[in-house]
Amino acid sequence: MTDSEVAVGVTHVADDTMKMTGCGSCGMYMILEGAPGKSFVCMKCRLIELMEEKIRGLEMQVESLVEFRKGFEQIMEQRHEVSEGKSSDLQMEAGLGNSEGRLGEESGQWKHVTKRTRQRKRRASEGEIELQNRFAELENEEGAQQVVTEGDRARKKRRAVSPIGKGEELMEITPNMSPRRIQDGLRRITRENGNGKNLQPEGTGDRLENSTITRKRQVYVIGDSLLRRIDRPVTRADPENRRVCCLPGAKIRDVDLRLKRILKGAGKNPLIILHVGTNDTARFSLESIKGDYVRLGRTLKEIEAQVIFSGILPVPREGQQRCDKIMTINRWLRQWCYKEGFGMYGHWEAFMDRGQFSRDGLHLSREGNRLLGWRLAQLIKRALN
């Protein structure tokens, strides 16, 4: 066979397999392989049929929901009517009970009251209200004069008039003034007058002597030169009741000798924080330092105060030998404070940075002073609370 004959045979086979077919729903013609069925439907028509079936299902659901809602509303209306009937019966019974006592006063007619009718309070007639003027006495001259004289008398009792003469100011003593403030004012007037007379009002002296002035707990931070420039963060919360006593070059013995003089007038149960011992570690032995701490503890027990010892800080300029000595003292100090009933607050781990010390390696830098002041302020806050 030639090539032309083979090509003609292939076209005949293709014509036998591919046939023109029309859709039974939309009438569109399509070329399909093989012989399609009698009721051929294209893919688009099938999708449309599926959508129509879904729409019919949704419509049936909506109709069932509407019917259910109508039935529910009917049930609620029936219940509402039943409740209204019961409430009207109760109101009728109440009206019968009340009408028996009002037949003599009112006309005795029935009044139908519904459920939602608001019962307003019956206003009293003008004859029942008693009208009066509270300030009627002030309209009369005699009453006004009496009120003025009484006010002057009360004002004069609260004032202590200065005998200096004309042009001098009067010191008014109010109930809110503290006894100390009254005494300061009287001393100032006496000093300005120069005559030395006692200007206290009658009975004021006894009242000042018998009165007790409540004071907050006093806080004292005492130590060596490492406490420089920490007074601001320590005393910021309460400047009147917190004090920082810095003793440059002080040792444990020096603090023991000056302690009672520093705490003179400290009040009852003050809070004392002691930061001392750095200078002792450079000159004295361990046994001598422990003995000085013991003697200081005896003095503190005589004062009867809350005592907290601050741990000795490291000294970067010295060698490992002095650092080991300071660590040994801090360990012993913690055990001794626990035994004697004192507090102990260490700073060793917080001051391991060399930048927190000045160039001499002994005193603190500004950053170190701020850190130490902040830590002592937090310690005071926890101790007072």
Side-chain angles (χ1 to χ4, degrees), residues 220-231 234 243-264 271-303 305-373 375-376 379:
Y220 289 85
V221 181
I222 306 171
D224 50 21
S225 57
L226 292 176
L227 299 183
R228 290 176 180 173
R229 295 188 295 271
I230 70 164
D231 51 346
V234 171
R243 294 175 178 85
V244 178
C245 184
C246 178
L247 304 174
K251 305 177 186 62
I252 302 174
R253 299 175 184 177
D254 300 331
V255 175
D256 188 13
L257 293 174
R258 301 183 186 181
L259 189 61
K260 292 184 178 180
R261 186 172 59 184
I262 294 172
L263 300 177
K264 187 177 181 180
L271 174 62
I272 304 173
I273 298 177
L274 297 171
H275 185 86
V276 67
T278 304
N279 298 321
D280 295 79
T281 57
R283 301 181 181 181
F284 304 110
S285 62
L286 293 176
E287 298 299 328
S288 177
I289 295 173
K290 293 178 182 179
D292 293 340
Y293 271 119
V294 171
R295 283 188 291 270
L296 179 60
R298 294 173 185 170
T299 306
L300 291 170
K301 287 185 177 180
E302 295 177 0
I303 299 174
Q306 181 182 0
V307 182
I308 300 176
F309 281 90
S310 179
I312 304 175
L313 300 181
V315 182
R317 74 174 183 181
E318 299 295 336
Q320 187 65 30
Q321 185 178 358
R322 187 173 179 183
C323 289
D324 295 341
K325 185 177 181 180
I326 293 174
M327 293 177 66
T328 304
I329 291 295
N330 285 334
R331 285 195 296 267
W332 175 87
L333 184 61
R334 185 178 297 277
Q335 297 175 359
W336 176 76
C337 289
Y338 180 77
K339 180 181 177 181
E340 298 295 329
F342 301 141
M344 167 64 182
Y345 187 62
H347 310 276
W348 188 270
E349 296 180 357
F351 287 88
M352 296 301 295
D353 187 4
R354 182 63 176 82
Q356 295 170 350
F357 294 86
S358 59
R359 293 181 180 179
D360 60 2
L362 176 64
H363 298 89
L364 296 174
S365 61
R366 293 187 179 275
E367 182 182 355
N369 287 326
R370 285 194 294 267
L371 178 59
L372 181 61
R375 289 177 65 86
L376 293 179
L379 174 62

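By convention here, the first residue in the shown sequence is residue 1. Being a predicted model, the structure only gives us computed values, none of them experimental.
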For the CG atom of D224 and the SG atom of C245, what is their distance to the nearest 0.5 Å?
11.0 Å
Which word best sums up how the rings of W332 and W336 line up, parallel for under 30°, tilted for 30 to 60°, or perpendicular for over 60°?
parallel
Pair R228, H363: side-chain N/O donor-acceptor within cut-off below 3.5 Å:
no
Can you find a heavy atom in the side chain of V315 that is under 4.5 Å from one in the side chain of I326?
yes
For residues H275 and V221, determine if any side-chain heavy atom of one lies less than 4.5 Å from a side-chain heavy atom of the other.
no
Kindly say whether K251 contributes a backbone atom to a donor-acceptor pair with the side chain of D254 at under 3.5 angstrom?
yes
Quick one: are V234 and I273 in side-chain contact, heavy atoms under 4.5 Å?
no
Minimum-distance pair of heavy atoms, taken over all atoms of A350 and R375
CB-NH1, 3.6 Å
On the 0 to 90° scale, with breaks at 30° and 60°, tag the Y293-F309 ring pair as parallel, tilted or perpendicular.
perpendicular
Between I289 and K325 the two heavy atoms that sit nearest each other are CD1-CE, 4.3 Å
R261: what forms a side-chain contact (heavy atoms from CB on, under 4.5 Å) with it, not counting sequence neighbours?
R258
What is the minimum heavy-atom distance between I308 and Y345, and which atoms define it?
CG2-CB, 4.3 Å
Please step through side chain to side chain contact (heavy atoms under 4.5 Å, CB included) for the pair I252 and L274, ending with a clear verdict.
CA-CA 10 Å; I252 302 174; L274 297 171; over 6 Å; no
Nearest heavy atoms of R322 and T278, plus distance in Å
NH2-O, 2.9 Å
Determine whether V255 and I262 make a side-chain contact, defined as any pair of heavy atoms from C-beta on separated by less than 4.5 Å.
no
Using 0.5 Å steps for rounding, measure from the SG atom of C246 to the CG atom of D231.
9.0 Å
With side chain to side chain contact (heavy atoms under 4.5 Å, CB included) as the test, would you mind laying out the steps for E340 and L300 before giving the verdict?
CA-CA 11 Å; E340 298 295 329; L300 291 170; over 6 Å; no
Distance check, rounded to the nearest 0.5 Å: S365 atom OG versus R370 atom CZ?
8.0 Å
How about L333 and I312: do any of their side-chain heavy atoms sit closer than 4.5 Å?
no
Test side chain to side chain contact (heavy atoms under 4.5 Å, CB included) on I230 and L364; report intermediate values, then the result.
CA-CA 11 Å; I230 70 164; L364 296 174; 5.9 Å; no
Does R283 reach the side chain of N279, with side-chain heavy atoms less than 4.5 Å apart?
no
Passes side chain to side chain contact (heavy atoms under 4.5 Å, CB included), H347 versus L371? Steps please.
CA-CA 10 Å; H347 310 276; L371 178 59; over 6 Å; no
Hey, could you give me the CG/OH distance between L259 and Y220, rounded to the nearest 0.5 Å?
10.5 Å
Rounded distance [0.5 Å steps], CG in L227 versus CG in L376
7.0 Å
What pairs with D292 under side-chain hydrogen bond (donor to acceptor under 3.5 Å, both in side chains), at least two apart in sequence or on another chain?
R253, R295
Please give me the minimum heavy-atom distance between I272 and A305, naming the atom from each residue.
CD1-CB, 3.6 Å
On a heavy-atom basis, which atom in P316 and which in G361 lie closest, and how many Å separate them?
CD-O, 2.9 Å
The side-chain contact (heavy atoms from CB on, under 4.5 Å) partners of R334 (sequence neighbours excluded) come to M344
